[in-house]
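Take a look at the structure below.
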Amino acid sequence: MASGVARVDLDGRPIKPLTICMIGAGGFIGSHLCEKLMAETPHRVLALDVYSDKIKHLLEPGTLPWADRIQFHRLNIKHDSRLEGLIKMSDLTINLAAICTPADYNTRPLDTIYSNFIDALPVVKYCSENGKRLIHFSTCEVYGKTIGSFLPKESPLRQDPAYYMLSEDSSPCIFGPIEKQRWSYACAKQLIERLIYGEGAENGLEFTIVRPFNWIGPRMDFIPGIDGPSEGVPRVLACFSNALLRRQQLKLVDGGQSQRTFIFIKDAIEAVLLMIENPARANGHIFNVGNPNNEVTVRQLAEMMTQVYSKVNGEPPLEVPTVDVSSKEFYGEGYDDSDKRIPDMTIINRQLGWNPKTSLWDLLESTLTYQHRTYAEAIKKATSKPIATS
């Protein structure tokens with residue numbers, strides 16, 4: 001971090017250097033948050049994860065200017081006695097660990113529930129018992145289906161924000177039937193939120209809960225057969241990226257009619273840093289972190305990504321770039337979905353003065369440029385089919 005004027009919080013108070021225990025630091029969000037903390041703050045990070053590939057550039061070589069402020073600990077929080085000691089050493093714990101890939105929710109419901117609820121219990125317990133602050137990453141999926149999705153399709157109320165806008169302190173959490181195991185993830189995430197909230201109410205745990213709405217950017221997810229399993233099914237943007245890189249049709253599940261919002265990872269990390277450094281404003285709150293201005297249907301997302309990638313690689317898109325598939329065919333039995341996920345930004349704007357900045361086109365161009373440069377040559381070698389590189 002460059003030296004200069006002392007850093008202050010939103011209320012003008014000096015920001016003291018923190019020791020942060022970051023669980024899941026080697027993942028997509030963790031890698032970007034570690035970058036931000038190393039480059040722009042004096043904070044120290046104890047980076048916990050099973051893998052370190054996405055933060056390797058922050059750990060090596062040992063001559064990096066922040067080398068003494070980041071320390072990697074290879075561990076699985078399921079069964080490692082070091083966890084409580086690392087939390088005790090820290091001022092703040094950030095829990096990013098999760099199974100958060102929709103393809104797993106109905107095919108691996110037990111792993112999904114254990115990962116997102118059972119495995120998170122010790123983290124909450126250790127923070128509460130040792131008087132340590134916790135920032136826990138949840139999901140926008142805890143909202144489930146919107147009230148509007150139960151109205152007749154022709155009802156004008158479907159266009160009323162009161163029936164689809166998702167608010168942290170007023171929107172109900174509506175899930176599908178038990179046999180739709182796709183909701184195993186959302187249910188586990190909601191239950192750990194309720195436990196954290198209860199620890200705050202009964203035992204004084206200082207906490208902040210983050211509900212991400214489709215954070216997008218370099219290093220997200222994986223490309224099947226390149227840096228992930230060949231049979232793996234990543235989230236929608238990585239699925240579409242994989243198809244574009246291989247010059248294959250983009251598969252639209254159930255016609256791609258679901259509506260989503262997408263936010264650039266760098267915008268979202270700005271919000272998280274504000275939570276870290278403004279505990280007086282963030283403690284006890286649940287925050288939506290998304291960009292309601294970047295709302296599209298999944299079909300529109302596919303169309304835009306096709307246009308952006310054609311610009312990135314300099315090649316014309318396929319004549320028929322998309323194909324419709326059923327959710328049963330793509331995800332298997334037990335899949336269900338929410339119709340629309342639009343975050344209400346009132347609370348985070350009021351408490352932290354934060355708003356996202358990056359347009360959907362710009363975040364897709366940044367992400368697809370990174371993916372093309374990172375994966376195109378590897379896919380070319382793996383498939384023996386030429387893909388243009390820039």
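In this model, a donor atom of one side chain and an acceptor atom of the other lie less than 3.5 Å apart for Thr358 and Asp267. Judged purely by distance below 3.5 Å, without hydrogens or angles, the side chains of Ser167 and Ser170 pair a donor atom with an acceptor atom. His285 and Glu168 form no side-chain donor-acceptor contact under 3.5 Å, judged by distance and modelled atom types alone.
A distance below 6.0 Å separates the ring centres of Tyr309 and His372.
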Working for side-chain contact (heavy atoms from CB on, under 4.5 Å), residues Asp91 and His43: CA-CA 10 Å; Asp91 303 296; His43 306 314; over 6 Å; no

Test log, rule salt bridge (Lys or Arg N to Asp or Glu O under 4.0 Å), inputs Glu329 and Lys251: CA-CA 11 Å; Glu329 177 186 353; Lys251 295 180 179 180; 5.8 Å; no

Full working for side-chain contact (heavy atoms from CB on, under 4.5 Å) between Ser90 and Lys132: CA-CA 8 Å; Ser90 305; Lys132 302 297 182 178; 5.8 Å; no

side-chain contact (heavy atoms from CB on, under 4.5 Å) assessment of Glu270 paired with Lys357: CA-CA 11 Å; Glu270 291 280 357; Lys357 302 170 186 174; 5.7 Å; no

side-chain contact (heavy atoms from CB on, under 4.5 Å) assessment of Asp324 paired with Arg299: CA-CA 10 Å; Asp324 289 1; Arg299 179 177 290 277; 2.9 Å; yes

Chi angles and distances behind the salt bridge (Lys or Arg N to Asp or Glu O under 4.0 Å) call for Glu295, Lys340: CA-CA 9 Å; Glu295 179 193 1; Lys340 193 167 181 159; 3.6 Å; yes

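Smallest separation of non-hydrogen atoms from Thr261 and Asn291: CB-O, 3.3 Å. Leu250 approaches Ala243 most closely through the heavy-atom pair CD1-CB, 3.9 Å.
Classification of the Tyr375-Tyr370 ring pair by plane angle, with boundaries at 30° and 60°, yields perpendicular. Using cut-offs of 30° and 60° on the angle between ring planes, the pair Phe137 and Trp215 is perpendicular.
Cluster annotation: Leu92 and Leu46 are assigned to distinct hydrophobic clusters (Ile/Leu/Val/Met/Phe/Trp/Tyr, side-chain heavy-atom contacts under 4.5 Å, transitive).
A 6.0 Å sphere centred on CZ of Arg74 holds more than 12 heavy atoms belonging to other residues, nucleotides or ligands.
When each of Lys189, Arg182, Arg235, Arg260 is tested with Glu141 by the rule salt bridge (Lys or Arg N to Asp or Glu O under 4.0 Å), just one qualifies, namely Arg182.
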